[in-house]
Amino acid sequence: EPEVTQTPSHQVTQMGQEVILRCVPISNHLYFYWYRQILGQKVEFLVSFYNNEISEKSEIFDDQFSVERPDGSNFTLKIRSTKLEDSAMYFCATRIVNEQYFGPGTRLTVT
Amino acid sequence: AQTVTQSQPEMSVQEAETVTLSCTYDTSENNYYLFWYKQPPSRQMILVIRQEAYKQQNATENRFSVNFQKAAKSFSLKISDSQLGDTAMYFCAFIDTGGFKTIFGAGTRLFVKA
């Protein structure tokens, strides 16, 4: 069964550093998403991406965040200058029809 | 705004027993999809079951079934013959047919006791 993959599984970074989280979507899916889950809290929508542009973003998705699909396969989330409160699990998801398929997540730890 | 509410932060059940997790939602849409996701300690999101709002028949997947009450905007999950491996966080989720994002509830932590 096709699946969404994410790398790395765990990233530790220092405050102020840039991080790039990577996702490989399912090949025939056209809609891509990033979600965030701070430990012990609910899963929150960050951004959706379709046809090479952002289709919707949440209040969390400020200027520190950006997304792109640089090579037609990977879908990346960049955090320009990480803060302690960015520590969370980040999930990539892709969608076909009305079912989203979630990747295994990247645990980001900002120290 | 669309919201999903799970009013039970934690529940426990004895192995082999049945447990029901509650979920209510709010939307003005008529067509939408509802999901239950399981999140074990690995924190991966695993789809348990989905329900299309236009279908009256309740979805069933092996030991998992839902009670979908569209008028009441209620979507509960029943787990029959609970197993130790069912111990996890369970999230109720909603996506409308515009479908740009999934809205999650706060989750219910389920403990299955031996």
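Proteins come first, then strands; the chains are lettered A, B, ... in the order of their sequence lines, and each starts at number 1.
Here the NZ atom belonging to K42(A) is positioned 11.0 Å from the CE atom belonging to M89(B), to the nearest 0.5 angstrom. How far OG of S42(B) is from CE of M89(A): 7.0 Å, rounded to the nearest 0.5 Å.
By the 6.0 Å contact criterion, CZ on R109(B) is open, its count of non-hydrogen atoms from other residues, nucleotides or ligands being 12 or less. Environment of CG in D63(A): sparse, with no more than 12 heavy atoms of neighbouring residues, nucleotides or ligands closer than 6.0 Å. In this structure, K70(B) places its NZ atom where more than 12 heavy-atom neighbours from other residues, nucleotides or ligands lie under 6.0 Å away. More than 12 heavy atoms of other residues, nucleotides or ligands shown are found within 6.0 angstrom of CD on E15(B). Within a 6.0 Å sphere centred on CD of Q57(B), heavy atoms belonging to other residues, nucleotides or ligands number 12 at most.
For the options F104(B), Y32(B), F91(B), heavy-atom pairs under 4.5 Å to chain A are most numerous at F104(B).
Between F91(A) and Q39(B), the shortest heavy-atom distance links the atoms CZ-NE2, 3.5 Å.
A centroid separation of less than 6.0 Å is found between the aromatic rings of Y37(B) and F102(A).
Heavy-atom distances place both the backbone and the side chain of L39(A) under 4.5 Å from chain B.
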Stepwise side chain to side chain contact (heavy atoms under 4.5 Å, CB included) test for R95(A) and I95(B): CA-CA 11 Å; R95(A) 180 172 74 89; I95(B) 189 168; 4.1 Å; yes
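Side-chain atoms of Y35(A) come within 3.5 Å of backbone atoms of T102(B) as a donor-acceptor pair (strictly under, hydrogens ignored). With R43(B) contributing its side chain and Q37(A) its backbone, the two residues share a donor-acceptor pair below 3.5 Å.
By the rule that hydrophobic residues join a cluster once side-chain heavy atoms approach within less than 4.5 Å of another member, Y33(B) and V4(B) end up as members of separate clusters. Following chains of ILVMFWY side-chain contacts shorter than 4.5 Å, one cannot reach L46(A) starting from F94(B), and the two form parts of different hydrophobic clusters.
Looking at heavy atoms from C-beta onward, P104(A) lies in side-chain contact with Q44(B) at the 4.5 angstrom threshold.
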